[in-house]
Amino acid sequence: MSDSPKSTAFDAHHPPALEIIDKCVHCGFCLPACPTYSLWGQEMDSPRGRIYLMKLALEGKAEMNEKWVSHFDSCLGCVACMPACPSGVDYGKLIEATRAQIERNYQRPAADKLHRQLIFEAFTKPDRLKLLRWPLLAYQKTGLQAALRAIGAFHLLPKSIRAMDSLLPQVKRTEEVAHVTPPKGEKRKRVGLLLGCVQQCFFSHVNAATVRVLSAEGCEVIAPPQQSCCGALFVHAGEEARAQELARKTIDAFESANVETIVINAAGCGSNVKEYGHLLRDDTAYAERARRFAAKCKDVSEFLAELSPRAERKELRAHVAFHDSCHLQHAQGVRAQPRKLLLEIPGVRLSEIPEAPICCGSAGIYNLVQPDAAIELGDRKARHISSLQADIVATGNPGCILQLQSALAKSGQPVPVVHTIQLLDASIRGASLDTLG
Ligand code: SF4
Ligand code: SF4
């Protein structure tokens, strides 16, 4: 990496690209789509404002100081601005490059740095997350969590700790996924399954449901045991080198599996692995392999919607509110497929949540590092969901499940929130709604 030229606030390693920045014609069509602009109405917390700030820094007219960085820290990275932009500005690439520059060149306050480090150390290591299950189980089952909440003990603690407590998943029995699961009936496909970090430790029932559905649809499912974190949280937070290291490991783990498709059931991971070609573009040993890997990746709803249904769907009488995860709808452009799968279940009535393109506030580690904005967005989403009087909420990302559960519980209307695949699995197995959630 070379030294930064004096005429710019960025170093020379992939600064936000001027050719993308210059595509912005300042029309403002992206402003209503942006959650932070809708919350605060501030130009510098809009996509157009942030692109302007990038350009100023690129031209050496703005410093990478606390104020400048705060406008990028407050960005959810939800990329709702991209489908709204008529000029095709790839804001996703800009914010990713800007965040990597910030993490390399800006000295964060020590407490902020430590907080982020703790989050990464916990959430990107499945082995460490598994160890956390036991103290968490004790905390929840002994009634300590409920007691501390009841006496308002968390109000004495920093907001970041309160946010963490409110987002803790309910620890459930672990459902292991076999390395190889055979198809039911004649084999149609051989697919790989990315297990995810948070998903395999706290949502193992979602992985198990995914495997059952894929198998019922005639797929042989390979879940390579040596797979690690895919690096999504690192990419979204600007930790480029660590993300690249995990991307290489993930590619290695799946190459020997010899699968046609790699199925992902966590939208944040899916949007990351589909961009491995870009992440490893400078790596001569991996660039081509990363492109091949990315081309095989599909969200589970995308994959199943293309496969004609073979397993019988039994009736599931449910009014379902579907929540689009930003990393599915905006980053991957997957909107129709989960709706199609849900509507194929007899008895399901589907409702659209008002303001569907607006983020729920989860956004990777956003709800842990920017709790105020995340709470406002979560409350807003909970109000919209409550207005529908649905029986259950379905979505395609573990982060959104935790954020919505927390916001709905706080609103006093705790509608169960599940992964879309759980409803499909329940329908194929003939299980009732009460067994989910
Ligand atoms: S990524 Fe989301 S929060 Fe950030 S500028 Fe775009 S719409 Fe706004
Ligand atoms: S919609 Fe696109 S071109 Fe218009 S201001 Fe937003 S980013 Fe720029």
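Read the numbers this way: they start at 1 and go in the same order the structure lists the ligands and their atoms.
Within a 6.0 Å radius of NZ in K296, other residues, nucleotides and ligands contribute more than 12 heavy atoms. Within a 6.0 Å sphere centred on CD of Q226, other residues, nucleotides and ligands contribute more than 12 heavy atoms. Within 6.0 Å of the NZ atom in K340, the count of heavy atoms belonging to other residues, nucleotides or ligands exceeds 12. For R349, the CZ atom sits in a loose shell: 12 or fewer heavy atoms of surrounding residues, nucleotides or ligands are nearer than 6.0 Å.
Residues D299 and Q337 have side chains that never bring a donor and an acceptor to within less than 3.5 angstrom of each other.
Among protein heavy atoms, the minimum distance from atom 2 (Fe) of ligand 2 is reached at C85 SG, 2.3 Å. Closest to atom 5 (S) of ligand 2 among all protein heavy atoms lies G28 N, 3.2 Å. Protein heavy atom closest to atom 3 (S) of ligand 2, with residue, atom name and distance, is V25 N, 3.3 Å. Among protein heavy atoms, atom 4 (Fe) of ligand 1 sits closest to C75 SG, 2.3 Å. Of all protein heavy atoms, the one closest to atom 8 (Fe) of ligand 1 is C34 SG, 2.4 Å.
At a threshold of 2.8 Å, atom 8 (Fe) of ligand 2 has a backbone or side-chain N, O or S atom of C24 nearer than that distance. Not a single N, O or S atom of C30, from either the backbone or the side chain, sits less than 2.8 Å from atom 4 (Fe) of ligand 2.
For the pair V393 and P416, the minimum side-chain heavy-atom distance is 4.5 Å or more. E43 has its side chain out of reach of Y52: every pair of non-hydrogen atoms, C-beta onward, lies at least 4.5 Å apart.
Of all heavy-atom pairs between L433 and L423, the closest is CD2-CD2, 3.7 Å. Of all non-hydrogen atoms in V418 and I401, the two that sit nearest each other are C-CD1, 4.0 Å.
Taking a cut-off of under 4.0 Å to the non-hydrogen atoms of C27, the atoms of ligand 2 that pass are 1 (S), 3 (S), 4 (Fe), 5 (S). When each atom of ligand 2 is checked for a heavy atom of S87 under 4.0 Å away, the hits are 3 (S). Interface atoms of ligand 1 facing V79, defined by a heavy-atom separation under 4.0 Å, are 1 (S), 2 (Fe). Heavy-atom proximity to R50, at under 4.0 Å, picks out these atoms of ligand 1: 3 (S), 4 (Fe), 5 (S), 8 (Fe). Listed by atom number, the atoms of ligand 1 under 4.0 Å from L76 heavy atoms are 3 (S), 4 (Fe). Interface atoms of ligand 2 facing R48, defined by a heavy-atom separation under 4.0 Å, are 5 (S). When each atom of ligand 2 is checked for a heavy atom of P86 under 4.0 Å away, the hits are 1 (S). Every atom of ligand 1 with a heavy atom of Y91 under 4.0 Å away is listed here by number and element: 1 (S), 4 (Fe), 5 (S), 6 (Fe).
By the criterion of a heavy-atom distance under 4.0 Å, neither the backbone nor the side chain of P47 is placed next to ligand 2. Neither the backbone nor the side chain of Y37 has any atom closer than 4.0 Å to an atom of ligand 1 (non-hydrogen atoms only). Looking at I51 against ligand 2, only its side chain comes within 4.0 Å, counting heavy atoms.
Residue contacts with ligand 2: G88 is excluded, as none of its non-hydrogen atoms falls under 4.0 Å. Residue contact check for ligand 2: C81 places no non-hydrogen atom closer than 4.0 Å to it.
Outside the 6.0 Å centre-distance limit, the rings of H419 and H205 are not counted as a close aromatic pair.
When atom types are taken as modelled, the side chain of Q227 and the backbone of L195 share a donor-acceptor pair closer than 3.5 angstrom. Under the 3.5 Å distance criterion, the side-chain polar atoms of R50 are matched with a main-chain donor or acceptor of H71.
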